[in-house]
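Notes for the one structure printed next.
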Amino acid sequence: MSIFSKNLKYLRECKNLSQNRLGEMAGVNQTTIARWENEEISPSLDNIIDVSEVLNVSVADLTGTDLTKDEYSYNELDYLLSSRAKQLNDDEKKAVLNVINAIIKEYDENSK
C-alpha cells in the first residue's frame, strides 16, 4: 500500500471522518476516496493539496512518511502542534508555550 493511501485512511480515521464526509469537504465523491485508499486510482496533485488542506496537514505529512508506524504516531497533540500552531501569531505561540511549560513543570514536580 502506498504511503499516500495509508496516510489518507489513517488521518481520515483519526479525525473521525467518513469517506463520504471527507469527499464532500475535498470536492470529490466517496467512491474516489475509497479508490484512493485502495490504490485503485491515484489522485492528482490538486486533489492531494485539497485533501491535505481539509485534513489540515501538509502535503509532506500526507505523502512523505508513513504516519501509521509507531515511531510516527499521529495523535491529536501531534496534529495540533504541527498544523494548528502554524496559524498562531507570535504572541499566541508564546502563550501556548507558557501553558505547555507550566504543565510540564507541574508534572515534573508531582512525579518526584
Side-chain angles (χ1 to χ4, degrees):
M1 181 173 250
S2 76
I3 289 174
F4 171 80
S5 298
K6 281 184 184 180
N7 288 346
L8 175 63
K9 183 174 182 178
Y10 179 68
L11 292 169
R12 178 181 61 76
E13 290 175 348
C14 283
K15 296 171 189 299
N16 295 314
L17 294 172
S18 66
Q19 289 177 338
N20 190 53
R21 181 67 183 130
L22 177 59
E24 288 173 356
M25 295 169 73
V28 298
N29 61 42
Q30 177 273 329
T31 304
T32 300
I33 300 293
R35 293 181 74 195
W36 289 342
E37 289 182 0
N38 293 319
E39 292 187 89
E40 294 173 19
I41 59 172
S42 296
S44 69
L45 179 57
D46 286 339
N47 290 138
I48 292 171
I49 292 168
D50 291 342
V51 169
S52 71
E53 289 174 356
V54 167
L55 294 174
N56 203 16
V57 297
S58 70
V59 170
D61 286 337
L62 196 55
T63 61
T65 304
D66 184 354
L67 299 174
T68 65
K69 292 184 178 180
D70 288 342
E71 66 265 28
Y72 298 108
S73 179
Y74 198 89
N75 60 37
E76 189 64 19
L77 180 58
D78 294 330
Y79 163 69
L80 288 171
L81 293 175
S82 67
S83 59
R84 293 293 180 130
K86 295 174 189 172
Q87 300 168 359
L88 302 175
N89 66 39
D90 287 342
D91 289 337
E92 292 167 331
K93 288 177 184 177
K94 286 177 187 174
V96 169
L97 285 173
N98 288 337
V99 169
I100 291 171
N101 286 327
I103 291 168
I104 291 169
K105 181 179 178 182
E106 183 177 331
Y107 175 80
D108 288 345
E109 289 172 357
N110 290 333
S111 296
K112 294 178 181 177

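These numbers come from the heavy atoms of this one structure, side chains and all, not from hydrogens, waters or symmetry mates. Quick caveat: nothing in here was measured; it's all calculated off a predicted structure.
- Asp61 and Leu67 make their closest contact through O-CD1, 3.4 Å (heavy atoms, listed as atom of the first residue, atom of the second, distance).
- Taking OG1 from Thr32 and CD from Gln30, the interatomic distance works out to 8.5 Å, rounded to the nearest 0.5 Å.
- The line from CD of Glu13 to OG of Ser18 is 11.0 Å long, rounded to the nearest 0.5 Å.
- What you find for Glu37 and Lys9 is that their closest heavy atoms are OE2-CA, 3.5 Å.
- Nearest heavy atoms, Pro43 versus Ile48: CG-CG1, 3.6 Å.
- Ile3 and Asp66 get closest at one heavy-atom pair: CG2-N, 4.2 Å.
- Put simply, the side chain of Asn38 never gets that close to the backbone of Glu40: no donor and acceptor are under 3.5 Å apart.
- Counting heavy atoms from C-beta outward, Glu53 and Ile49 have side chains that approach closer than 4.5 Å.
- Residues Ile104 and Val99 fall into different hydrophobic clusters, defined by Ile, Leu, Val, Met, Phe, Trp and Tyr side chains chained together at heavy-atom separations under 4.5 Å.
- Using a 4.5 Å cut-off between side-chain heavy atoms of Ile, Leu, Val, Met, Phe, Trp and Tyr, with links allowed through other members, Tyr107 and Leu97 fall into different hydrophobic clusters.
- Separating the CZ atom in Phe4 from the CG atom in Leu11 is a distance of 10.0 Å, to the nearest 0.5 Å.
- Note that the CG atom of Asn98 and the NZ atom of Lys105 stand 11.5 Å from one another [nearest 0.5 Å].
- Counting non-hydrogen atoms of neighbouring residues, nucleotides and ligands closer than 6.0 angstrom, the CD atom of Glu106 reaches no more than 12 such neighbours.
- Between the side chain of Glu39 and the backbone N or O of Ser5 there is no donor-acceptor pair closer than 3.5 Å.
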Start with the C-alpha gap between Asn7 and Thr65, add the side-chain angles, then the distance that decides, and say whether side-chain contact (heavy atoms from CB on, under 4.5 Å) holds.
CA-CA 8 Å; Asn7 288 346; Thr65 304; 5.8 Å; no
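- Proximity of Leu22 to Leu8: side-chain heavy atoms (C-beta onward) are separated by under 4.5 Å at one or more points.
- Within the 3.5 Å criterion, the main-chain N or O of Leu55 finds a donor-acceptor partner in the side chain of Lys15.
- The only member of Asn20, Val51, Val54 that meets side chain to side chain contact (heavy atoms under 4.5 Å, CB included) when paired with Met25 is Val54.
- Within the model, atoms CG of Leu45 and CG of Asp50 stand 9.5 Å from one another, a figure rounded to the nearest 0.5 Å.
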